[in-house]
Asker: 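Structure incoming, see below.
Throughout, a chain's letter reflects where its sequence line sits, starting with A, and its residues are numbered from 1. Source: prediction; values computed, not measured.
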2 protein chains.
Amino acid sequence: MNPDSDIRHALWQLAFQFKVSTKRAIRDYGLPLNGMHVRTLHLIRSQPDCTANQLATITGRDKAQITRLLKELEAMALITRTPHPGDRRSQIVALSDTGRELMARTVEAEKAVEKRLLKGMSKEEVSTFVSLAHKMLENLREA
Amino acid sequence: MNPDSDIRHALWQLAFQFKVSTKRAIRDYGLPLNGMHVRTLHLIRSQPDCTANQLATITGRDKAQITRLLKELEAMALITRTPHPGDRRSQIVALSDTGRELMARTVEAEKAVEKRLLKGMSKEEVSTFVSLAHKMLENLREA
DNA sequence: ACTATTTAGTAGACAATATCAACCATAAAG
DNA sequence: CTTTATGGTTGATATTGTCTACTAAATAGT
């Protein structure tokens, strides 16, 4: 296989398998969340004063998708939305208590997947991988 | 950001941006294909006596998805299906002449994306990345 | 102060991708 | 010669991504 198609294949497959494994782990833990729910909740948790717009920017997804996601998460009572103090168009999104509890369990499920993913790899290898990934990400974003 | 969420984020984002960039490049070349079409055509081209089942195994996708994909590609006259000599349940899938032509242009579009993706990276870095990716892929598949 | 342009978020329609279960025909195993 | 496994198909449905149009509020330019 030539190196070109190699990186393409590696990337697609790794991302796909990682998604599948994570999804399965989440489900096996009995958590009623799909992939994007989890991803969004993570970001909300780590972003101090998180707005819908930030989520769209960080993930690169369409605003509309974020709106829907947040609506679902709110319907499940996992997040709260409070008016933004300085901008009446905007809202601040945060985890609810229920959301925090759910995330605690989700993190466990994800840790299990990561442990498998990184089995037999040194810390250096992992950080090399991550920094190369960031570099490529930058390359794509520039253009 | 802790290293755990880092690799997760890097992986999701890189795969997503790569997919978006590729999709856009294909479209800008005026090619009437979506991501999975392209991916499937690539595999068909590189697999000598390709069957639907092989495609499902290699990509890790559901058989049903492959069936539908092949149906669409056949409707676009990009592939041909001929009965498998040794197994009457099975068919051998191959590119048609139209398909081959289309792929030639597709490859150009993809090369442009890859050039951007890998800008400023040495051959060693790329092959390091690919081999680490393969390692992780193996890890996920084992379990 | 007043129009014009951006920006934050929402809603609808739809395309693309993924999953699951049931099914048919053939093949392989016992 | 029955049972089971395999290759492929179909239908239903869930998830994810994209595009357009829209409201309301903020900001810029004059």
Asker: In whole angstrom, what separates B:K63's NZ from D:dA5's P?
Answerer: 14 Å
Asker: Throw together a table of side-chain donor-acceptor distances under 3.5 angstrom for residues 14-22 of chain A, partners on residues two or more places apart or in other chains.
Answerer:
unit_1: A:S21; atom_1: OG; unit_2: A:Q17; atom_2: O; d: 2.9
unit_1: A:T22; atom_1: OG1; unit_2: A:F18; atom_2: O; d: 2.8

Asker: Rounded to whole Å, how long is the line connecting atom CG of A:L73 with atom P of C:dT10?
Answerer: 12 Å
Asker: If you restrict it to nitrogen or oxygen atoms, what contacts under 3.5 Å exist between nucleotides 1-6 of chain C and the protein, and what is each distance?
Answerer:
none

Asker: Quick one about B:H9 and B:D6 (side-chain donor to acceptor, distance below 3.5 Å, no hydrogens or angles considered), yes or no?
Answerer: no
Asker: Quick check on C:dA8: is either OP1 or OP2 less than 4.0 Å from any side-chain nitrogen or oxygen of A:S90?
Answerer: no
Asker: All N/O contacts under 3.5 Å from nucleotides 16-19 of chain C to the protein, with atom names and distances to one decimal?
Answerer:
unit_1: C:dT17; atom_1: OP1; unit_2: B:G35; atom_2: N; d: 3.4
unit_1: C:dT17; atom_1: OP1; unit_2: B:M36; atom_2: N; d: 3.3
unit_1: C:dT17; atom_1: OP2; unit_2: B:N34; atom_2: OD1; d: 3.0
unit_1: C:dT17; atom_1: OP2; unit_2: B:N34; atom_2: ND2; d: 3.2
unit_1: C:dA18; atom_1: OP1; unit_2: B:R61; atom_2: NH2; d: 3.2
unit_1: C:dA18; atom_1: OP2; unit_2: B:R61; atom_2: NE; d: 3.3
unit_1: C:dA18; atom_1: OP2; unit_2: B:Q65; atom_2: NE2; d: 2.8
unit_1: C:dT19; atom_1: O4; unit_2: B:R68; atom_2: NH2; d: 3.0

Asker: Testing the basics here: between B:R61 and B:I66, what is the closest heavy-atom pair and its distance to 0.1 Å?
Answerer: CB-CD1, 4.4 Å
Asker: State, to the nearest 10°, the angle formed by the axis through the first five base pairs of the helix from C:dA1-D:dT30 to C:dG30-D:dC1 and the axis through its last five.
Answerer: 30°
Asker: Could you tell me which residues satisfy side-chain hydrogen bond (donor to acceptor under 3.5 Å, both in side chains) with A:K23, sequence neighbours excluded, listed by chain and number?
Answerer: none
Asker: Contacts to DNA chain C from residues 48-57 of chain A, heavy-atom cutoff under 4.0 Å, which residues?
Answerer: A:T51, A:A52, A:N53
Asker: Check B:R141 against B:I58 and note the closest heavy-atom contact, atom names and distance.
Answerer: NH2-O, 3.9 Å
Asker: Under 4.0 Å between any heavy atoms, over every strand shown, what does B:R81 touch: base, sugar-phosphate, or nothing? Just pick one.
Answerer: sugar-phosphate
Asker: Under 4.0 Å: is that the gap between some side-chain N or O of B:R88 and OP1 or OP2 of C:dA27?
Answerer: yes
